[in-house]
Number of protein chains: 2
Amino acid sequence: MGTGIRIMLSKTCEYAIRAMIYIAQQSKNGSRVNVKEIASNIDSPELFIGKILQGLSKKGLLQSLPGRYGGFYINEAEAKTSLADIVIAIDGDKIFKGCGVGLGYCSEKKPCPIHADYKRARNALYKIYKEATLWQFRESISKGEIRLKRE
Amino acid sequence: MGTGIRIMLSKTCEYAIRAMIYIAQQSKNGSRVNVKEIASNIDSPELFIGKILQGLSKKGLLQSLPGRYGGFYINEAEAKTSLADIVIAIDGDKIFKGCGVGLGYCSEKKPCPIHADYKRARNALYKIYKEATLWQFRESISKGEIRLKRE
DNA sequence: TTTAATTCAGACAAAAACATCCGAAAATAG
DNA sequence: CTATTTTCGGATGTTTTTGTCTGAATTAAA
């Protein structure tokens, strides 16, 4: 039927995060990567991840250079970007708020039955995404601890 | 751009949960409610919530009776249904699993950098939905503590 | 300066989620 | 039994998300 609770990412966010992690890793030695290479290394549709990165580039989350031998890269400052930053760049920050049952009026003053517990759990999740930086993932990849392909 | 992390519900789930809470409340005195009444009380598209409830009825989460003076209702046993039960009926239980970064291979043996923290937060959320029953909401509504309309 | 390889921009296309329509079957009051 | 009101089932329509195509602008090597 529907899509339900998605304590997971939209495709767009998943692709964006994986691509950013990959680019951050490849940028260590200053090299640029093009969308073809990115797509094949993170298992994503090539033209789609291109579009997504163009958007993130406009917002200053990474650098891009057109033309031959061009591509995308992430500098030292940008490697401090958190997963929460990426999510917010794509969808805005309203997704880190909101009622657990979808009631618009729900608030501290008029809480729904699960309001307090839910808020605590949701904030914990936000903290996790906020503290996870590209830099941190870069280390993990170098050690061979993680892969960016889907399987 | 995309949809991002949705620590919130799809429309379908939101409608389903609000409708179930409303029906449970109205069923206290044994009366049935029809889709028109449900839709107007929870602010949802009438024909759409009808379809959703038909599905939940088939799965045994509530009762339905066709014909004049028919409608939907929830008996005492069904009032023990949790929000997690509703979500699972609509989308299956895979949504309560899955990696926080969307990596298919991510597991205890091959964890992504946020695996452990994320799992803890996700499980806390599941617990909240699992422990929130229709019965519990029924009490809150009677006391006038919550409303089911969107605003 | 030419050429090849790339990002960029905007239109287009496909798939999934959300929502509606219509006619049939069922139930009940009168 | 009849009339009325409801759910049920399947097709259809709309909107959002996801994914693709095409051509122009950009860059640097040769």
Side-chain angles (χ1 to χ4, degrees), chain A residues 1-6 8-19 23 26 31-40 42-74 87 90-92 95 102 150, chain B residues 1-6 8-19 23 26 31-40 42-74 87 90-92 95 102 150:
Chain A
M1 290 177 82
T3 315
I5 300 174
R6 291 176 46 167
M8 34 169 128
L9 310 171
S10 69
K11 290 276 186 82
T12 303
C13 264
E14 276 188 21
Y15 292 152
I17 287 175
R18 296 216 304 274
I23 298 166
Q26 296 301 308
S31 69
R32 289 187 282 271
V33 281
N34 62 48
V35 284
K36 190 163 213 160
E37 179 184 342
I38 295 166
S40 86
I42 71 167
D43 266 357
S44 74
E46 184 179 326
L47 297 163
F48 191 45
I49 190 59
K51 271 273 178 283
I52 296 167
L53 290 175
Q54 280 164 34
L56 293 179
S57 168
K58 265 192 186 171
K59 298 194 176 179
L61 273 72
L62 78 164
Q63 305 295 314
S64 69
L65 186 72
R68 199 174 187 179
Y69 302 100
F72 295 91
Y73 64 102
I74 282 172
V87 170
I90 289 178
D91 290 308
I95 52 182
R150 279 193 265 230
Chain B
M1 292 177 78
T3 316
I5 299 175
R6 292 179 46 168
M8 31 170 130
L9 309 172
S10 67
K11 290 273 187 82
T12 303
C13 266
E14 276 188 20
Y15 293 151
I17 288 174
R18 296 215 305 274
I23 298 165
Q26 296 302 308
S31 69
R32 289 187 281 271
V33 281
N34 61 48
V35 285
K36 190 164 214 156
E37 179 185 340
I38 296 166
S40 87
I42 69 167
D43 265 0
S44 75
E46 183 179 324
L47 297 163
F48 192 45
I49 190 60
K51 270 271 178 283
I52 295 166
L53 290 175
Q54 280 163 35
L56 293 179
S57 169
K58 264 193 188 172
K59 296 193 176 180
L61 274 74
L62 78 164
Q63 305 295 315
S64 69
L65 187 72
R68 199 172 187 182
Y69 303 101
F72 294 93
Y73 63 103
I74 282 173
V87 171
I90 288 176
D91 291 308
I95 53 184
R150 280 194 265 230

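Residue numbers start from 1 in every chain, and the chains themselves are labelled A, B, ... in the order their sequence lines are given, proteins ahead of strands.
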Minimal heavy-atom distance between A:Arg32 and A:Tyr73, with the atoms involved, is CG-CD2, 3.5 Å
I want to check something: taking the side chain as every heavy atom from C-beta on, are B:Tyr15 and B:Leu9 in contact at a cut-off of under 4.5 Å? no
Residue list, side-chain hydrogen bond (donor to acceptor under 3.5 Å, both in side chains) with A:Glu37, at least two apart or on another chain: A:Tyr22
Between A:Val35 and A:Leu47, does a side chain to side chain contact (heavy atoms under 4.5 Å, CB included) hold up when you go through it step by step? CA-CA 8 Å; A:Val35 284; A:Leu47 297 163; over 6 Å; no
For B:Ile90 and C:dA17, what is the distance between atoms CD1 and P respectively, to the nearest whole Å? 13 Å
Return the minimal non-hydrogen interatomic distance between B:Asn34 and B:Gly70, and the atom names on each side. CB-O, 4.4 Å
Between B:Arg32 and B:Glu46, which residue's closest nucleotide on DNA chain C lies nearer the 5′ terminus? B:Glu46
Taken to the nearest whole Å, CD1/B:Ile49 to C1'/D:dC8 is 15 Å
What is the minimum heavy-atom distance between B:Ala39 and B:Pro45, and which atoms define it? CB-C, 4.5 Å
Atom-to-atom span, CD of B:Glu37 to C1' of D:dT7 - whole angstrom: 15 Å
Presence of B:Tyr15 side-chain N/O under 4.0 Å of C:dC18 phosphate oxygens OP1/OP2: no
May I have the distance from B:Tyr73 (atom OH) to C:dA27 (atom P), rounded to whole angstrom? 11 Å
Which heavy atom of A:Ala19 sits nearest a heavy atom of A:Ile38, and at what distance? CB-CG2, 3.9 Å
Whether each nucleotide of nucleotides 6-15 of chain C has a protein heavy atom under 4.0 Å at its base (B), only at its sugar-phosphate (S) or at neither (-) is summarised, 5' to 3', as BSBBBB----
Could you run down the sub-3.5 Å N/O contacts of the protein with nucleotides 14-16 of chain D?
none

Length of the line joining A:Leu9:CG and D:dT18:C1', which is rounded to integer Å: 15 Å
CG of B:Leu47 versus P of D:dA11: gap in Å, rounded? 17 Å
Quick one: pull up CG in A:Leu53 and CG in A:Leu62 and give me the separation to the nearest 0.5 Å. 6.0 Å
Test side chain to side chain contact (heavy atoms under 4.5 Å, CB included) applied to A:Ile49 and A:Arg18, step by step: CA-CA 10 Å; A:Ile49 190 59; A:Arg18 296 216 304 274; over 6 Å; no
